[in-house]
Amino acid sequence: MTPFTYLRADTVNDAVRLGAGETAAFLGGGTNIVDLMRETVARHETLVDVTRLSAAVTETAEGGLLIGAAATNTAVAEHHGVRTRYPMLSRAILAGASAQIRNMATVGGNLLQRTRCTYFYDTDGSHCNKRAPGTGCDAREGFNRIHAILGASDACVATHPSDMCVALTALDAVVHVEGRDGARTLPFGELHRLPGDRPDLDTVLAAGDLITAIELPPLGVAARSTYRKVRDRASYAFALISVAAAIEMDGDRIADVRIAFGGVAHKPWRATKAEPALRGELASEAVFRAAAAAEFADARPLRDNAFKPELATRTLAAVLAELAKGDVA
Amino acid sequence: MSFVVNGNAVPGPADPRVSLLDHLRETLHLTGTKKGCNQGACGACTVLVDGERILSCLALAVQYDGREITTIEGLAETAALHPLQAAFIEHDGFQCGYCTPGQICSAIGMAAEARRGVPSHVSADLAADVILTRDEIQERMSGNLCRCGAHNGIIDAIQATMAPAPTAETSAELAA
């Protein structure tokens, strides 16, 4: 680990002031950044500890929830309002990492963990455009079972590892950001980037921008929602495919639906093609599969992950069938 | 800065790069907490901070100013074993013993989470009280690996100690 200066922020203004500059980074629970710095993938000169800023989960005037960015993953997953009104978010968080990591990791840190793959970590042996721009991507022709099938580029085929973010994308969450020019908000789906020719940039945030909170809008459809994660072992592994889905039925007809996929792209993937293919339709296996087919029509699988479009299709169909029957608590 | 380890005030690290794990082992000479993977994958370094289980290898010690840390050395107040330590012996919950301090600290944190109703990935109902079935323990302990493969004995020991309806005395003992 290269030497750094540790600073603790007691207010949002302090954090934004201390965190300005290209060589500074904000520190949450540290579960990703400490590892990246130890492996010298990251070499920040200043870490600004923001874990003492707001961790509160509060009701908004609109009837949603405002989650302070310093809230731990566990605190969000166990919050009564999240469990009952946004169950897919609890389920997504509980499907991620291990309990020890969920106790440390913050919401802000989860959003800003690096989009990554094993080649990104391999500082000694691998080319990686995300770690060292312009050096090439060894994953594209390498072992790429966990990699992206949608929205990738020649430069990068890594996937975003967060489960929480898949649910937040489906829930139309809003990101509250404080920067040098003051406060602003952005839709969750606009926070993370596709790699293009700048895979070194995971988000649209500028240096010094601090995520202060995530806002969940009131969303009736979310009460009947869940998260399904398919992985190589039963627990504590990244997703091969994951699905966050919410449904509202009108008899046998799908009145409303929200869907996002994990494990398919450089960012959590909102299913903007599958959702309109489902609204107003009679719930059936054929309709679910057709919606998935619309979403994955542009999929470009790699050598080792040609199974992903079909796995994603089957996972979506299974989740929607359960939700349509009302089987999911 | 300073924090409290097993009830004693101790100094913080001289360098912010020092992990809580290295600080415990190298500076405070509390070598019960083990370094397995040093990258958050194995759980051998699990300790309790204000009663919550965390991975000390991914924790920068400097972040834990003012917090109360409990390691395997601090679980039992006297030479006697913590009930869960005794259960690990009774149920063959280890072979080489390297992962055991992390397993035991993790299980104590896990039981506290279950008591306050934190659901898990395998909980059928997110809002129901937690019953520590074998499946629940297995999922909740998935962050602690055992290369010897003593997982069945580990789960037996945890279930025998944590899952029976606790009396007032055993609750106090387990929370220690």
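Reminder, nothing fancy here: chain letters follow the sequence lines and each chain counts from 1.
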Q) chain B contacts: which residues in residues 40-53 of chain A have a non-hydrogen atom closer than 4.5 Å to it? A) A:Leu47, A:Asp49, A:Thr51, A:Arg52

Q. Is it true that a side-chain atom of A:Arg83 and a backbone atom of B:Leu126 form a donor plus acceptor pair closer than 3.5 Å?
A.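 Yes; judged by distance alone, with no hydrogens or angles, the pair exists.
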
First locate atom [atom1] of [X], then atom [atom2] of [Y], and finally report the distance between them rounded to the nearest 0.5 Å.
X: B:Glu139; Y: A:Ser98; atom1: CD; atom2: OG; result: 10.0 Å
X: B:His121; Y: A:Lys229; atom1: NE2; atom2: NZ; result: 8.0 Å
X: A:Tyr6; Y: B:Asp65; atom1: OH; atom2: CG; result: 7.5 Å
X: B:Asp15; Y: A:Met1; atom1: CG; atom2: CE; result: 9.0 Å
X: A:Glu78; Y: B:Ser120; atom1: CD; atom2: OG; result: 13.0 Å

Please classify the contact of [X] with chain A as side chain, backbone, both or neither, using a heavy-atom distance under 4.5 Å.
X: B:Thr46; result: side chain
X: B:Glu113; result: side chain
X: B:Arg17; result: both

Of the listed residues ([options]), which shares the most heavy-atom pairs with chain A below a 4.5 Å separation?
options: B:Pro16, B:Ala128, B:Gly43; value: B:Pro16
options: B:Ala127, B:Gly40, B:Pro119; value: B:Pro119
options: B:Val49, B:Val122, B:Ile54; value: B:Ile54

(Q) Heavy-atom pairs under 4.5 Å with chain B - which of A:Ile33, A:Ile93, A:Thr74, A:Thr31 has more of them than the others? (A) A:Thr31

**Q.** Contact winner vs chain B - A:Thr5, A:Thr84, A:Thr2, A:Leu27, heavy-atom pairs under 4.5 Å
**A.**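 Going by pairs under 4.5 Å, I would pick A:Leu27.
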
With side chains defined as the heavy atoms from C-beta onward, is the minimum distance between [X] and [Y] less than 4.5 Å?
X: B:Asn144; Y: A:Gln100; result: yes
X: A:Thr72; Y: B:Glu52; result: no
X: A:Arg38; Y: B:Ser19; result: yes

Q | B:Arg147, CZ: over 12 other non-hydrogen atoms inside 6.0 angstrom | A | no

